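Below you'll find the structure, written out as structure tokens, and then a few comments.
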Number of protein chains: 2
Amino acid sequence: METNTESIVEALGALAQENRLTLFRMLIQAGNAGLAAGAIAQALGIPNSSLSFHLAHLTRAGLIRQRRDGRSLIYTADYEAMNALVGFLMENCCGGAACAPEAPCGEDAAQPQRKVSA
Amino acid sequence: METNTESIVEALGALAQENRLTLFRMLIQAGNAGLAAGAIAQALGIPNSSLSFHLAHLTRAGLIRQRRDGRSLIYTADYEAMNALVGFLMENCCGGAACAPEAPCGEDAAQPQRKVSA
DNA sequence: TGTTCGTTTCCATAAGTCTCGAAATATGCG
DNA sequence: CGCATATTTCGAGACTTATGGAAACGAACA
């Protein structure tokens, strides 16, 4: 994700919706394994068409990614994008003074169930 | 700011707009001194009525505060709210594993121009 | 190849947001 | 009190977003 104002606005907008925020957090917690669209729709209790709309929205914002596994499309969170977003907000905190770490959750953090090490 | 999903969605939505994101960052950098509505409108190059709409939006989301100084209304960023927002996003990063500090920018950070002390 | 399953696209509708001029509302000054 | 200044509220128009049913699409399995 680029860190210009426009793309940040898009990312914030993508997360500023009940279903999408919940969905994104599900993916964050699901790690690299990700979740199939159908499973997400069921978990959220919304029709597939509605889910597809939200998935497209998050994808357009660069926050999630798509991969195919058999008949299913698996969605995963883009950890880099989330870090960039948080980084942007922190970067401008406190008048630019260094008061925050840069990337608390690195790329490697995409395997949430174990301690970050590799 | 409370950290339930609903209020987070509201905060994200408040920031998911070009003018408001810029405005919020201006206030973040302005520190406790804050900025008068008129000065903000001029800086953003938008009519007062439009600005007022955005200020109300950010206020409703709990991200900024209002104080009167003579004829002017001074707006300031709510650092606690921003920390809560970022904290919420980080909290759910990496499947809940501890990978982020809790409040990088403390309450005391509200005087950005000088070293945090009080 | 035909069928099934998972997902997306299309469509319409309902609801919300952004914008800004004009009028209304406060505050302060003389 | 009356006038000037600072900001908000009101109202209307254009635009965007959310929702879900029905149909289309694509991949895989037999």
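Since this is a predicted model, take the numbers as computed values, not measurements. Throughout, a chain's letter reflects where its sequence line sits, starting with A, and its residues are numbered from 1.
Every pair passing salt bridge (charged side-chain N to carboxylate O under 4.0 Å, His left out) that includes a residue from residues 54-67 of chain A is listed here, sequence neighbours excluded: Arg65(A)-Asp78(A). Sequence neighbours left out, the pairs with a member in residues 8-20 of chain B that pass side-chain hydrogen bond (donor to acceptor under 3.5 Å, both in side chains) are Arg20(B)-His54(B). A salt bridge (charged side-chain N to carboxylate O under 4.0 Å, His left out) check over residues 35-50 of chain B, counting only residues at least two apart or in different chains, returns nothing.
Here the CG-CG distance, from Leu27(B) to Asn32(B), works out to 11.5 Å after rounding to the nearest 0.5 Å. The CD1 atom of Ile8(A) sits 10.5 Å away from atom CG of Leu15(B), with the distance rounded to the nearest 0.5 Å.
Taking 4.0 Å as the cutoff to heavy atoms of chain A, we find the contact window on DNA chain C bounded by dT4(C) to dT9(C).
Evaluation of the side-chain contact (heavy atoms from CB on, under 4.5 Å) rule for Ser72(A) yields Ala36(A), Ile74(A) as partners, not counting sequence neighbours. Legend: residues meeting side-chain contact (heavy atoms from CB on, under 4.5 Å) with Ala37(A), ordered by chain and number and at least two apart, are Leu51(A), Leu55(A), Tyr75(A).
Under the 4.5 Å side-chain heavy-atom criterion for ILVMFWY residues, a single connected hydrophobic cluster contains both Leu21(B) and Met26(B).
The nearest heavy atom of DNA chain D to Tyr75(B) and to Arg60(A) marks one nucleotide each, and the one closer to the 5' end goes with Tyr75(B).
The two residues Ala81(A) and Gly62(A) make their nearest non-hydrogen contact at CB-O, 3.3 Å.
In this structure, the CD atom of Glu18(B) is 19 Å from the P atom of dC15(D), given to the nearest Å.
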Only distances under 3.5 Å count here; give the side-chain donor-acceptor pairs of residues 39-50 of chain A to other protein atoms, sequence neighbours excluded, each with its distance to 0.1 Å.
none

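As judged by a 4.0 angstrom heavy-atom cut-off over every strand, Ala56(A) is placed among residues making no nucleic acid contact. Residue contacts for Gln66(B): at a heavy-atom cut-off of 4.0 Å it reaches the sugar-phosphate backbone alone, with no base atom in range.
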Output one letter per nucleotide in nucleotides 18-30 of chain D: B when a protein non-hydrogen atom lies under 4.0 Å from the base, S when only the sugar-phosphate is that close, - when neither is. BBBBB----SSS-

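Direction change of the helix axis from one end of the helix from dT1(C)-dA30(D) to dG30(C)-dC1(D) to the other is 20°, with five pairs defining each end axis (rounded to 10°).
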